[in-house]
Structures are given as C-alpha cells and as structure tokens.
Amino acid sequence: MNQKTQAGSIRTIAMLGNHVPRQCGIATFTADLTDAISEEFPDIACSVLAMDDPGRRHAYPPRVRFALDESDVASYRRAADFLNVGAFDVVCLQHEYGIFGGKAGSHVLALLRELRMPVVTTLHTLLAEPDPAQRAVMDEITRLSERIVVMSARGAEIARRVHGVPDAKIDHIPHGIPQVPLERDSKERLGVECRRVILTFGLLSPDKGIEHVIDAMPAILERCPDAVYIILGATHPHVKERHGETYRLMLENRAQRLGVDGSMIFQNRFVSQAELTEFLSAADIYVTPYLKREQSTSGTLAYAVGAGAAVVSTPYWYAEELLADGRGVLVPWRDPRALAHEITSLLEDDARRIAMRARARAFGQSMVWPAVARGYMQSFAHARAERIDRRRTLYRRSGPPKRPMELPELDLRHLRLMTDDTGLLQHSMFGVPRYDDGYCLDDNARALLLMALIEDARVEDRQAVRALASRYLAFVSHAYNADQRRFRNFMTYSRRWTESHGSEDSHGRALWALGTVVGRSGDPGRQSLGGHLFHAALPAVSAFTSPRAWAFALLGIHEYLRAFQGDSSVQSMRTQLADRLLDLFRHASRPDWPWFEDRLTYSNARLSHALLVSGASMGREEATGAALRSLDWLASVQRSEAGDFAPVGSDGFYARGGTKAAFDQQPVEAACMISACLEARRITGDERWDRHARRAFSWFLGQNHLQQSLYDATTGGCRDGLHADRVNENQGAESTLSFLVGLLEMRGADVNGKSA
C-alpha cells in the first residue's frame, strides 16, 4: 500500500495524551509518533493537545495547539469544541493510567463523547484485573473508539477478554523506536572505554527491581571485574512527589554496602534521544529486572531491542513476547544469582552475545518509527473509511448533543481560609472566619470526608489535599476520648473541649469520614490511623438511638468495606444498623407518608441514602425498595410549585398532618439529596434520579424561590441558607462543605454517566 493510499482522505490529525513536559513515556511517544507521521506523510498536518497541570504551565512546542487542565473536566469539553470546530479528520488518543484527570482517568470521557470524528486509541497499559472504576472507564473508551491499538499480542488478548473489544477492531502496532546507528566510539565519549557496560534506563520507581541487579553485582564483578552498571534516568515524578528520592538513595546505599559503588554510575536526569542512542550503543548488556508480570508494554525494552542490545529480563508479559526466539534471556523474579549467571555468561561469550544482538536488531526493523507511522496511518484510514458513526448521525439529525449542565470548578479557597493550624473553624461573618465560635468535630469530619473524595477523584492538587486531609484527620483523632470511647464535638478557639463527649450524630459523622479515608485515601498512614479510629469508635453506635447517627455510621461502613469487604465485625454492625432503619420505616411508613419518622427534620435524605447503599450491598430487596420509595416521596415533597428544589425549612420542619416549613432552607439538605439521588441512579440506572440531583444542585446556583445564588464564586464559599426574603450572607463551614461535596459528586456523575 503506497503512502497516498494509506493516507486516504486524511489531511488533519489531532494527537491527545501528550503529558508535558516531554520527560515521561507518553509525552515522548506522542511527540515521536507525531514527528514520524509528519516525516512519512508531509501533506498531513498533525496537531497535539497537551495535558498539563494548571499550576505548572510549561512552554509548548509549536505543534501543541491546545492545552488541557488535567483536573478540570470543563477543559476537556472545550478541547472537544476545539476539535469539532477545527474539523480534524482523526483523533488519536494515547491512553495511560494516571495522565487524565478524574477517577481512573474518567475526565477524558467528557471529551470523547462529544467528538464528531473517528477516534483511534492506543492503550499503553492494559490491566488483567482492573478495579470497577478502571474497568468502567476503559470499557467506555473502547466503545467510543473506532479502532484500538495495542503493542503486544498479550494486550490484544486482554482487550478482548476483559473489555470485550472485538478482534476486528484491534490493530497490533509495535512501540515505535528510533534508528540507532552502530557507534564504535560511544564508550569513549561516555568515559567507559575498556569497560563492559550493563545498562538500565527509564524513570526510576520501586517496581523496576533494580536492587536485584545491584545484589548481583558482586558475583558479576568476581568474573568480570571490568563491568560497570549504568542506571540512567530520573526518579518518576509521581514517585518523587510522594516519596522523594527514597528509592534512589536506597539503591546507592545498597551499592555502597555491597562494595560495588565504584562499578556503578547513577545518571539522575532525563536524557535526550541523541544521548540515549549513545548509551544504547555503548551497552553490552541491557537489563530490565521489572517486578510486575502484567506489564504489557515497555518503551525502554522496545528501544533496547531495536538498538540490537543483548537483553536480560524478568519474564513480564511484554518481555516474554519481545525476547522470544533467542532475542534475549529471561530470568526468574527477584533472583540476583540468576541475573549474575546470565549477565556474566553473555559478557564472556562474545559469539552468543553478538548473535543475540543481531537477532534483536533484525526484529527491531519492524518497530522503527517510519514503519510504525505507516501502521498508524492504515489504522486511521480504516477508522475513517469504516465509520458508521451514530454520534455524527445523531448530530446531523438533531443538532449538537445536549451537553450536561455546566458546573463550577472545585474551589477550595474559602475552605483554606476557614482552616488554621488546629482545624476548620465553624462559622464566619460574611466571608470572614469567626473565631468566637471555635471548632467542631461535625465540620472537621465533613472536611475530612471531602478530602478523601477529592483524593479518590484526582481533581485537585495532591500536595494541598494531603496537607488539609492530615490536619482534619488530626482534629478528628484528637476529638476521640478513649476513656469514654466517644468523640467530643465542640472546641473553643483557645483549644479547650467543652464536653466529655458530643452528640450521637457527630460521632456518626466522624465514623463516616473515617470509613471514607480507609476506603478511598491513597495515603497508607492516613488509612492506618483512620482504620484504627474507626474500629475504636464503631462499637459505641450499637447503643445509639439517633436514626441519623445510624445512617452516618452505615455510610462510613459502606466506605470502609470498599477496602475490607471481609471484615465480619463491621459487616455485623452494618446488618444491625440497617435492620434498625428498616424497622423504623416499617413502623412509621403509611401510603401517604412513606418515611422513617413522623416528621421530616434535618439531613433527611441521608436516611434513604444509608438504607439504599446498605440494602444494595447486602442484596436485600426490601431495604433497597424502602429506601427508593422514601427517597422518591422526599423528592416530591421537596419541590416547589415552580418545579425548583425546596427543602424542608429548619424553622418548624414538617410533621405528619401539619404544614411544611418553607424556611429557613439549609445547604446541607441539598447536599444530602444530591448524594442520595446519584446513588439511586448508580444502583437502578433510572435517569430520573439524575434530574432530581441536578434540581437539588441548581438550588445552590440560583434555581430557588429567590432566584439568588448561594454559591459565592468570588470567595469559593457558600452562603448559610435561604430565608423568605433574603440569603443568609454568612459563609460557614457546614454550608461551604455541603456545596463542595455536592459539586464534587455532580462532577463525578457528569463525567461518568452513572457515576463512579
């Protein structure tokens, strides 16, 4: 097939997935593929959409036409508008876990759903056992893509088996590699002349297993005293952010302890392709001692094979495939003795090593960038020619697809303002923190829960979230009175507790937050402390009489069991509390009043929410049915004649047979309704629950009887309530947290369809 036939009618291509700066694998791959297509097909215009962190703006190369904020879902929709208006012929998505915002990278779905051109997606990592969120996002990506590109036969097998991608939709195109010339003087230029060079390169992280090669070095040097081991590459940015240089320092200390540091070179930096070519040309042996068997591709291994290196590797999936037929040697996992044996055998047997290098280099010719570029153009042409695009057909028939409601960005400014070294202050005067009222466990628990949800959703600066989460967890921990096995609630600004234990509701809220930390936080320390406090405080709930305390505890149990489903003591408490809520409903419910109590008071929807998640998790249809009936009725009660959300007012509430209090309307009621309705949508698939959730959230933004916004975009805070004639202008912690949690959940539902 000639180049013109391969290109077909394609004139413009957009590449998405270039995570700047160009110092990580996806960025390098995207840029190299773009360059290769432009060189092989000079009539085709390639543009790049770059992922970036809004707090770390980088200088972009000329081909970058649009920069997306990784954590801002609205930015993905703007990118879709840019691509649609630009009439690009094909979008090529480079997918890797961790580069797109949202839970499991779900933000990219907001872009893909709105595109009106074919999408070809390259899957750089495929997981044999994805978690539910990863599976849901990947299933949707493969559904929205016309073609799926994998780099290995194993990747194709996982795409078929795990995600149901049909064979006819999969293109197997190898990882591209540069042409590496055979340089005879590379060792001299690198200062390792007269040495036998062992090389590992790539971003450092603990799963690379480099310590096992270091452990093999004494045996290697005993037989090959002129050997030198070069470790080339900086620490992976995510590892460095979380753990600093701990792994690299461990490797250096290990080398010193074993007395081999004089035969090792650490190059702690990113290198250009020209420099990498020099190192590959100088290498006698290339080693990938990786520890993850499921690794379905490796750019570094592809580069090494293409350069004609003699490779020694652990048997991860990609290595098994690439090094077959004598193109390399596989050794057992974590086995320094085997590594030493194979490395020295190859170093001492020139004929074997040279033959292995020749086989690898010959195989690598099919992987050079010009060949890969031609493979991608065939895939693009197939995607465009075969496309029977229901999305585009719908667009022609009925105009642009209806876009979900525009949501504000998550703004933590006011929350930070209300937080000091102790924790989160309760109240404010307008937007100014009010010290006189001090702190309470209720609000710090709510804030801790929000931080855990943000961590899980990956929508905010990780370091800032970690700092706030640790502060709120410290407050919750300090609030626990071990002597009474209860939490204290109120603390003065001078840091004095005003009680030996607080309300049952505050105890339940603390359990809810702690369970969420265990189930969703990515920090082992916070998870450990959260789990300890959760177990210490949970038994007290069995003596509680407050239905809302039961509900809060059930929500915490639900979150906790995400991580520890087999914890029988926690499961037993869930059964006990769920039975109590269901019994309440059985005794109080009437055909015209399907509710848990004889009156509606505060945090009403949490009762339905807690029974719903518990009933669904335990497979108890009666509990799930009661929860849905009560929530449906509550949604009808909390609706104005104009069709807006109108929660039961706190000035009198709503007793059976009485008149519903219209005011004061509280933000916490809207937040409760949003959570419960989105959970109902997840469990039932019924889209009417989405409408109820949107109605409740719109209340914050002015869809209420005053047509005034409670959310203050100038501060990031939320006003404290709605009176008959005015908005309460104070912006306290409870109100602000209610808005932020509701917003976060709406954004998650907005991106994920049925929510994650």
Side-chain angles (χ1 to χ4, degrees), residues 103 131-133 441-442 444-457 469-470 472-477 479-480 482 485-487 504-544 546-581 606-607 609-620 623-624 627 675-676 678-679 682-683 741 744-745 748 755-756:
K103 188 174 183 180
D131 66 32
L441 172 67
D442 280 323
N444 280 272
R446 290 184 178 105
L448 178 60
L449 183 145
L450 173 66
M451 294 302 112
L453 295 177
I454 290 175
E455 272 192 281
D456 188 47
S470 295
Y472 301 139
L473 179 56
F475 187 97
V476 173
S477 177
Y480 184 64
R485 299 187 179 182
R486 290 285 301 274
F487 286 99
E504 292 181 359
D505 285 5
S506 66
H507 192 103
R509 284 193 187 93
L511 285 169
W512 183 10
L514 293 168
T516 307
V517 169
V518 174
R520 297 185 186 244
S521 174
D523 183 273
R526 285 199 299 279
Q527 283 182 314
S528 180
L529 177 56
H532 170 74
L533 290 168
F534 182 86
H535 276 285
L538 185 61
V541 181
S542 62
F544 287 179
S546 165
R548 282 154 187 78
W550 302 341
F552 300 147
L554 279 170
L555 292 169
I557 288 170
H558 178 72
E559 293 290 342
Y560 173 90
L561 290 174
R562 290 165 61 101
F564 299 109
Q565 183 61 46
D567 192 323
S568 58
S569 64
V570 176
Q571 289 176 330
S572 176
M573 181 64 78
R574 177 177 65 183
T575 301
Q576 179 187 145
L577 297 179
D579 284 343
R580 291 185 188 178
L581 271 185
R606 292 299 179 206
L607 301 179
H609 185 187
L611 188 60
L612 180 60
V613 297
S614 301
S617 297
M618 295 188 294
R620 296 178 56 178
T624 304
S675 299
L678 292 180
E679 194 64 57
R682 275 191 288 269
I683 290 171
V741 171
L744 186 63
E745 292 182 324
S755 300

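What you see is a predicted model; the values in this text were computed from it and never measured.
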Undergrad: Considering residues at least two apart in sequence or located in another chain, which fulfil the side-chain contact (heavy atoms from CB on, under 4.5 Å) criterion with Glu504?
TA: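 Result, side-chain contact (heavy atoms from CB on, under 4.5 Å) vs Glu504: Arg486, Phe544, Thr545, Ser546, Ala549.
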Undergrad: Taking side chain to side chain donor-acceptor pair (under 3.5 Å) as the test, write out the residues that go with Thr516, two or more places apart.
TA: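 Once residues adjacent in sequence are excluded, Thr516 has no partner under the side chain to side chain donor-acceptor pair (under 3.5 Å) criterion.
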Undergrad: Which atoms form the tightest heavy-atom contact between Ala578 and Leu611, and what is the distance?
TA: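 Closest approach of Ala578 to Leu611: O-CD1, 3.8 Å.
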Undergrad: Under the rule for side-chain contact (heavy atoms from CB on, under 4.5 Å), what residues qualify as partners of Ala537, not counting sequence neighbours?
TA: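 With neighbours one apart ignored, the set is Tyr480, Phe487, His507, Leu511.
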Undergrad: Just grab all the salt bridge (Lys or Arg N to Asp or Glu O under 4.0 Å) pairs involving residues 525-541, residues at least two apart or on different chains.
TA: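 Those involving residues 525-541 are Glu455-Arg526, Asp523-Arg526.
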Undergrad: Mind listing the closest non-hydrogen atom pair of Leu744 and Ala457 along with its distance?
TA: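 Nearest heavy atoms, Leu744 then Ala457: CD1-CB, 4.3 Å.
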Undergrad: Output all residues satisfying salt bridge (charged side-chain N to carboxylate O under 4.0 Å, His left out) with Asp579, sequence neighbours left out; order by chain, then residue number.
TA: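 Only Arg620 meet the salt bridge (charged side-chain N to carboxylate O under 4.0 Å, His left out) criterion with Asp579.
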Undergrad: With sequence neighbours excluded, what pairs up with Arg446 under the salt bridge (charged side-chain N to carboxylate O under 4.0 Å, His left out) test?
TA: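 Partners of Arg446 by the salt bridge (charged side-chain N to carboxylate O under 4.0 Å, His left out) criterion, ordered by chain and then number, come out as Asp443, Glu734.
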Undergrad: Who are the side chain to side chain donor-acceptor pair (under 3.5 Å) partners of Gln571, not counting sequence neighbours?
TA: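 Testing Gln571 for side chain to side chain donor-acceptor pair (under 3.5 Å), a comparison that skips the adjacent residues, returns none.
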Undergrad: Please walk me through it: do Ser614 and His558 pass side chain to side chain contact (heavy atoms under 4.5 Å, CB included)?
TA: CA-CA 7 Å; Ser614 301; His558 178 72; 5.7 Å; no
Undergrad: Just jot down the side chain to side chain donor-acceptor pair (under 3.5 Å) partners of Ser568, sequence neighbours excluded, or say none.
TA: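 Testing Ser568 for side chain to side chain donor-acceptor pair (under 3.5 Å), a comparison that skips the adjacent residues, returns none.
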Undergrad: To the nearest 0.5 Å, what is the distance between CE on Met573 and CG on Leu538?
TA: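 The CG atom of Leu538 is 4.5 Å from CE of Met573, to the nearest 0.5 Å.
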Undergrad: If you take all heavy atoms of Ser506 and Leu441, which pair is closest and at what distance?
TA: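 So the minimum-distance heavy-atom pair works out to O-CD2, 3.6 Å.
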Undergrad: What distance separates Leu678 CG from Glu745 CD, expressed to the nearest 0.5 Å?
TA: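 Taking CG in Leu678 and CD in Glu745, the distance rounds to 6.0 Å.
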Undergrad: Taking side-chain contact (heavy atoms from CB on, under 4.5 Å) as the test, write out the residues that go with Leu529, two or more places apart.
TA: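 So Leu529 forms a side-chain contact (heavy atoms from CB on, under 4.5 Å) with Leu473, Ser477, Leu533.
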Undergrad: Please enumerate all residues that pass side chain to side chain donor-acceptor pair (under 3.5 Å) together with Thr624, with sequence neighbours excluded.
TA: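 In terms of side chain to side chain donor-acceptor pair (under 3.5 Å), with neighbours along the sequence ignored, Thr624 is linked to no residue.
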Undergrad: Which salt bridge (Lys or Arg N to Asp or Glu O under 4.0 Å) pairs, counting each pair once, include a residue from residues 546-560, with sequence neighbours left out?
TA: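 Those involving residues 546-560 are Arg520-Glu559, Arg548-Glu597, Glu559-Arg562.
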Undergrad: Might you point out which heavy atoms bring Ala553 and Val541 nearest each other, and give the distance in Å?
TA: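 Ala553 and Val541 have their closest heavy atoms at CB-CG1, 4.0 Å.
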Undergrad: Listed by chain and number, what are the ring pair (Phe, Tyr, Trp, His ring centres under 6.0 Å) partners of His535, not counting sequence neighbours?
TA: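 Applying ring pair (Phe, Tyr, Trp, His ring centres under 6.0 Å) to His535 gives Tyr560.
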